[in-house]
Amino acid sequence: MKKLINKPEDVVVEELQGIALAHPDLVKVHFDPNYIVRADAPVKGKVGIISGGGSGHEPMHGGFVGKGMLDAACPGAVFTSPTPDQMLEATKAVDGGKGVLHIVKNYTGDVMNFEMAADLARAEGIEVESVLVDDDVAVQDSLWTAGRRGVGLTVVLEKIVGAAAEAGYSLKEVAELGRKINSLGRTMGMALTSCTVPHAGKPTFDLPEDEMEIGIGIHGEPGRKRMKLQPVDEIVEMLMEPILKDIPYKAGDEVILFVNGLGGTPLIEQYLVFRKAHEICEKNGIKVVRNLIGPYITSLEMAGTSITLLKVDEEMLKLWDAPVLTPGLRWGI
Amino acid sequence: MKKLINKPEDVVVEELQGIALAHPDLVKVHFDPNYIVRADAPVKGKVGIISGGGSGHEPMHGGFVGKGMLDAACPGAVFTSPTPDQMLEATKAVDGGKGVLHIVKNYTGDVMNFEMAADLARAEGIEVESVLVDDDVAVQDSLWTAGRRGVGLTVVLEKIVGAAAEAGYSLKEVAELGRKINSLGRTMGMALTSCTVPHAGKPTFDLPEDEMEIGIGIHGEPGRKRMKLQPVDEIVEMLMEPILKDIPYKAGDEVILFVNGLGGTPLIEQYLVFRKAHEICEKNGIKVVRNLIGPYITSLEMAGTSITLLKVDEEMLKLWDAPVLTPGLRWGI
Amino acid sequence: MAITRDQVLAWLKAFIQVIADNKDYLTELDSAIGDADHGANMHRGFQAVLAKMPGMEDADIGTIFKQTGMTLLSTVGGAGGPLYATFFIQAGSKLAGKMEIELEDWADALEAATAGIVNRGKASLGDKTMIDALSPAVDALKQSVAEKVSLSEGLKRSTTAAEEGMKATIPLVARKGRASYLGERSAGHQDPGATSSFLLLETAMKTWSNSSK
Amino acid sequence: MAITRDQVLAWLKAFIQVIADNKDYLTELDSAIGDADHGANMHRGFQAVLAKMPGMEDADIGTIFKQTGMTLLSTVGGAGGPLYATFFIQAGSKLAGKMEIELEDWADALEAATAGIVNRGKASLGDKTMIDALSPAVDALKQSVAEKVSLSEGLKRSTTAAEEGMKATIPLVARKGRASYLGERSAGHQDPGATSSFLLLETAMKTWSNSSK
Ligand SMILES: Nc1ncnc2c1ncn2[C@@H]1O[C@H](COP(=O)(O)OP(=O)(O)O)[C@@H](O)[C@H]1O
Ligand SMILES: Nc1ncnc2c1ncn2[C@@H]1O[C@H](COP(=O)(O)OP(=O)(O)O)[C@@H](O)[C@H]1O
Ligand SMILES: [Mg+2]
Ligand SMILES: [Mg+2]
Ligand SMILES: [Mg+2]
Ligand SMILES: [Mg+2]
C-alpha cells in the first residue's frame, strides 16, 4: 500500500490538523467530536447548512465550509459515516436562530446517523430539516436496493443551497430548493482502478489492466458492470446514456455539466471527458450553461470519473454564480 | 495502460478542444500552432506574460491563462517542450505594446525552443525578456548537469509576475521580479509511483510496492534516490531538509508554503504533507504567511508530492493576493 | 443457571478481543461487497468500549448494555454504528436494573435488540444483512425458552442458528446496505455484518456456557 | 561516386520508416533515463517531413535539408527538436544549391551540423548525448576524406564510428539533458538521442552505399 500517511488510525485527525493550519481565515476545526465549521459561525439570522460523510472524498465536505456554501461539515473515518454526536454539535455550532439544514447523501449509514442527530437537535429546540441526495443512476431505486447513492450532485447542491442560505432563504425554502435540485440532477461514474483504504492495506477490489468498472460510487466498492477498457469517447457515451434518459433531460433544457475526477485521474483526461459529454449534450439539444471540471468529490486515489447533469433555471443559476469562499471552491470573492 | 483517452496522438488536441468548450469566457484556443490565450488578449499597454511546456502537467500552464496570471500558454506534446512557432504566435497574440515576458522552466528543450522563439519575436520587433525557473533542489546545479529543473515554484512565480503585469509593471520590472522570485524559491519532490505517457503504453519506471523515489521531477523520470517507503512525516523531513538549507531559509523569514499533488495523490494526503511541512517551518522560526495546497503542477497520474517554499516580502504578498481569474486559480474576482 | 453481571463484562471483554482478532477478516468481507471499513469501524468502537469498562464494573447489566451502545454510537459510524448501538441500547432497556439474567431475559433482550435493528434499518430476513444471523438466533432462543432447555443448550442452539444464518447470506443478492449497489455481484460473498453478529453471539455462548451450570 | 538529390530523398524516406519502426525502442531508451517521449517526438516530426516530401522533389539538396530542419523545428519539440532542426538547417547551408554531393561535401555538412548542435546544446564528447555518436562520425568522415577513400568506405567508417560512440554512451554518467538529473543512475543505459543519430547515419550508409559505384 502506497500512501503518504503516518499511522492509518491517525489519518483523519492529522488531516484535520492540516486543515486547521492551512485555512484559519476560513474555518475552525473542532475535535472530539470532529467537525469543521466556518470561522464566523454561527451567522445570526441565517439558516445553517451542514453536511458530512466519510473522509476520503476531499475536498468534499470539509473543503466546502465557508461563506456561501456549508456552515459546517462532519468528517467520519475514511469511507465511514460520521456519528450523531458530530452532527449534533455541528448543528448547534451553526444555529443562527433560523434553523439548520442537513444535507444527507443517501447511504444507509449516513441516513441513520444524520437522523439520530436531527432527533437529538430537535430535542434541544433547534429546527432541523433534511435533504436527501440520491442522484446516482447506476443503482436502481427499488425495493430491492438501499436506494440510489448520493454522489456528484452533492457538490452542486451544496453550492446552490449554501448560496440560498447566504441570501436569506428560510429553512423551509432551502429544504425545498434542495429537494428540487435533487429531483433535477443525475450522475453516473466509472473507474479504471479501485482505491486503498488506509487500514485495509490493499485495494478494495482488483481490476485487470484491460478492464474498467461502470457504475461505481465513491467508496471504492465495485460497480454494476465490469467491461473491457474502451476509448474515453465510448465510455462517456456509456455514462451519459442512463443520465440523459432517467428524468429524462430534454432538448431545450439548460444544464450545469459537472465532470468530476475521482482522485487518481489527471486533469488532462477530465477535459477529454468534458469534451465528449459537452458534445453529447449539444447533440441532444441540451444547453450547457455552466460547468465544473476537477476532483471535487473523490474516492481517495481511485482513477476514474463521474458526470453530473443538473437542469437549472434562472434562480439556480443566480445562486450557482453567487460568491463562495471555501478552501475547495472559490469565486466572486 | 489505463487512461481515459481516445488515440494517444490526439490527446493534446482533444484536451484543447475541451478547454475551448469549457472556458470560452476566460480563454481562446488557437490551433496550428497550438496555444491558449486570454480571451481579451492583447491587453493594450500591459506587458504580456507567456509560458509553455509539455502537456500532462495540467492545470499548468494552460489552466493559468486569464486575468492576473498568464496571457498565453503553449502546450507541447505530453512531456515535450512546445516548438518556437507556438511561442512566436503566442508572443504576437499577447503583445500589448509593452513587450512580452517568457517564463521558461529550466529544461534543455524548453530553454532552446523558447530561445529560438524569442529571437524570432525580436526579429519581428517585439521586445522579449525571459525568466528562467530552476527551483528544484534535487539536482545539483553544476557543470556536470543540465542544471536545476523548473518545478513547483513556476506556479507561484506565474501568479506573482502575472499580477505585476496586470498592475502595470514594465517589462524590465516583471523580468527582475521573476528573477528575484526564482532566487528565493526552492522545491523538492517525491513519488510513490511513476506515470504512463499515452504513447508509451506503460509506466516510465516501475517502483516496487514498498519503495519510493526521492527527488523526482514532473516528467515521470526516475528521481535521485530510491528508498523504502516511510511514513509521511519522515518523507516531509527528507524533502524539507534540502529545501531549507539551500539558500538557506532563516528564522524570521516569511514564506509561501506550496504543497503540490502530482496528480495521483489524494487531497487528504496532501493535507498530511502540509501539516508536517508547516510544523517544520515553525520549528525553524519560518513564518508561513500564505499557502497553496492541491494538484497545480502535475505529472499525469503520478502519485507523489512536491513542496515549494518562497521567501516573500510585502510587494510579493500584495501581488500574490491580487485578483486572479483563470480556470486553474481564482480569487478576488 | 444465570448469567451474572461479571459474566456480561467478561463477554464484552472477550468480544472486544474477538473483534481485534477478526478485524482484517471483516475488512476482507466488506471489501468484496462493500467499502472495506466494517472491521476497522467495529474495532475502533469496541476499543472505545474497552476504555469505558472500568467505569461499568459496578453497574447493572442494563446499564452496561446501554453505555456500550452509547459508546458504539459515537465511535463506530457507518451503517454498523447506529445498528449496533440500537442493539445494545434496546437490549439494555429490557435488562434494566438486573444483576443477573436467565435465558428468558437474554431471549427477550435479543428480541428487542433485533427488533430495534429492523425498526431502524428496515431490513427483512433474506436481505443479506445482520438480520439474517440475528433473527434465526432470536427464534432459536424463544424456542429454547419455550422448551425450557438449559442455558448452555439455549446458547448453543442460538449460536448454531446464527452461524447457519450467516452462511446463508453467501448466495443471497443484497437488498439492503451498500452491498445492494452491486446487485447480482453481491451473491457468493458472506455478509460482514452478519459475520460480526454471529461472532457476538458465539462469544456469548463461549463465555457464558463455560461459567454456567 | 556522388550522392544525388534523389538519393537524399530516398535516405529521408528510409529514415522516416526507420524511425517509425524504432519508435518504441527509442521510447524504451528514453524511459530508462528520460521522460519516454523521444520515440514519439521523432516519429511525429518525421511523419511531418514525409508529408512535405512531395514538395521537395524538385529542390536542391540544401533546400531539402533546410525544409526538413524547419519542419522538424515546428513538430518535434523537446530537446531533440531544436537540435535536429539545427542539424539539418546547418547541413543544408553547406549543401545549398547542390544537386549532388561527394563524400567531402557530406563530411563538411555533417561537421557543420554537429557544430550547430554543440553550439546550441553546449554538449561535449562524453556528456552522454547525440554528440557522442555524431562527433566520432564527423572525425571518421574527415579522416576518410583525407585518405581519399571511396564513398562507400567513408560511409561505412563513419557509421561504425557512430555505432561505437552510441554504445560508448552506455556506461557514461549524463552531464547534459534530462538524463543528467539522474546522476549516477544514468549509467548503464544507452542514450536515446545518440541512438537516433546513429540510425540516421546508418540509414544514410545503407541508402547511399547501395546506389554508389
Ligand atoms: N438496513 C440494514 N439493516 C440491517 N443491517 C444492515 C443494513 N444496512 C447495512 N447493514 C449491515 O451493515 C453491514 C455493513 O456495515 P459497515 O461496513 O460498518 O457500514 P457501511 O456499509 O456504512 O460501510 C452490512 O454487512 C450489513 O450487515
Ligand atoms: N545539450 C544537449 N546537447 C546535445 N544533445 C542533447 C542535449 N540535451 C539532450 N540531448 C539529446 O536529446 C535526447 C533526448 O531527446 P528528447 O527525449 O526528444 O528530449 P527531452 O529530453 O526534452 O524529452 C538525449 O538522449 C540527448 O541525446
Ligand atoms: Mg462505510
Ligand atoms: Mg520531453
Ligand atoms: Mg462498510
Ligand atoms: Mg525525452
Side-chain angles (χ1 to χ4, degrees), chain A residues 1-7 11-12 14-19 21-23 55-56 58-59 63 78 192-193 195 207 209-210 212 229 231-233 235 263-276 278-279 288 291 293 295 298-301 303-305 325 327-328 330-333, chain B residues 1-7 11-12 14-19 21-23 55-56 58-59 63 78 192-193 195 207 209-210 212 229 231-233 235 263-276 278-279 288 291 293 295 298-301 303-305 325 327-328 330-333:
Chain A
M1 171 173 79
K2 302 189 110 170
K3 288 179 169 288
L4 293 174
I5 62 172
N6 296 306
K7 293 200 226 134
V11 169
V12 173
E14 290 178 351
E15 181 208 10
L16 290 173
Q17 291 168 350
I19 288 171
L21 290 168
H23 310 295
S55 294
E58 290 76 6
V78 171
L192 299 177
T193 71
C195 56
L207 259 186
E209 187 59 23
D210 61 343
M212 61 180 182
L229 183 59
V232 67
D233 281 2
I235 292 173
T265 279
L267 192 59
I268 190 172
E269 292 173 28
Q270 295 170 47
Y271 273 102
L272 300 191
V273 173
F274 180 83
R275 169 186 172 271
K276 186 65 180 181
H278 191 282
E279 181 196 290
V288 177
N291 66 68
I293 303 163
T298 59
S299 186
L300 292 170
E301 68 279 345
T305 186
L325 178 48
R330 180 171 179 176
W331 58 66
I333 306 180
Chain B
M1 171 174 79
K2 300 190 109 170
K3 289 179 168 290
L4 294 174
I5 62 172
N6 296 305
K7 293 200 227 136
V11 168
V12 173
E14 290 178 351
E15 182 210 8
L16 291 173
Q17 290 166 351
I19 288 171
L21 290 167
H23 310 295
S55 293
E58 290 75 7
V78 171
L192 299 176
T193 71
C195 56
L207 259 185
E209 187 59 23
D210 62 344
M212 62 181 182
L229 182 58
V232 66
D233 282 1
I235 293 173
T265 280
L267 191 60
I268 190 172
E269 292 174 27
Q270 295 170 47
Y271 273 102
L272 300 191
V273 172
F274 180 83
R275 169 186 173 270
K276 187 64 180 179
H278 192 282
E279 181 196 290
V288 177
N291 66 67
I293 303 162
T298 59
S299 184
L300 291 169
E301 67 280 345
T305 186
L325 178 49
R330 180 171 180 176
W331 57 67
I333 306 179

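Just so it is clear: chains get the letters A, B, ... in the order the sequence lines come, proteins before strands, and each one is counted from 1. Keep in mind that the numbers below use all heavy atoms, side chains included, and drop hydrogens, waters and symmetry copies.
Between the side chain of R275(A) and the backbone N or O of H278(A) there is no donor-acceptor pair closer than 3.5 Å. Formation of a donor-acceptor pair under 3.5 Å by the N291(A) side chain with backbone atoms of A22(B) is found in this model. Listed for the E269(B) side chain is no donor-acceptor partner under 3.5 Å among the backbone atoms of L267(B).
In terms of heavy-atom proximity, P295(B) sits nearest to P59(B) at O-CD, 3.2 Å. Contact detail for C195(B) and L300(B): the closest heavy-atom pair is CB-CB, 4.0 Å. Taking both residues in full, the closest heavy atoms of V273(A) and L4(B) are given as CG2-CD1, 4.1 Å, listed atom of the first, atom of the second, then distance.
Neither the backbone nor the side chain of V288(B) comes within less than 4.5 Å of any heavy atom of chain A. Using a 4.5 Å cut-off between heavy atoms, L16(A) makes no contact with chain B at all. Looking at I235(A), the atoms closer than 4.5 Å to chain B (heavy atoms on both sides) all sit in the side chain, from C-beta outward. Heavy atoms of L325(B) lying under 4.5 Å from chain A are absent altogether. With a 4.5 angstrom heavy-atom cutoff, I293(A) touches chain B only via side-chain atoms.
Remark: E15(A) pairs with no residue by the salt bridge (Lys or Arg N to Asp or Glu O under 4.0 Å) rule, at least two apart or across chains.
Listed options D233(B), T265(B), L229(B), T193(B) were ranked by heavy-atom pairs under 4.5 angstrom with chain A; first place goes to D233(B). Among I19(B), V12(B), D210(B), T305(B), the residue with the largest count of heavy-atom pairs under 4.5 Å with chain A is I19(B). With chain A as the partner, the residue from E14(B), E301(B), M1(B) showing the most heavy-atom pairs under 4.5 Å is E14(B). When Q17(B), E209(B), E279(B) are compared by the number of non-hydrogen pairs under 4.5 Å with chain A, E209(B) comes out ahead. Between chain A and the options Q270(B), H23(B), M212(B), heavy-atom pairs under 4.5 Å are most frequent for H23(B). For the options S55(B), G63(B), S299(B), P266(B), heavy-atom pairs under 4.5 Å to chain A are most numerous at P266(B).
Classification of the F274(B)-Y271(B) ring pair by plane angle, with boundaries at 30° and 60°, yields perpendicular.
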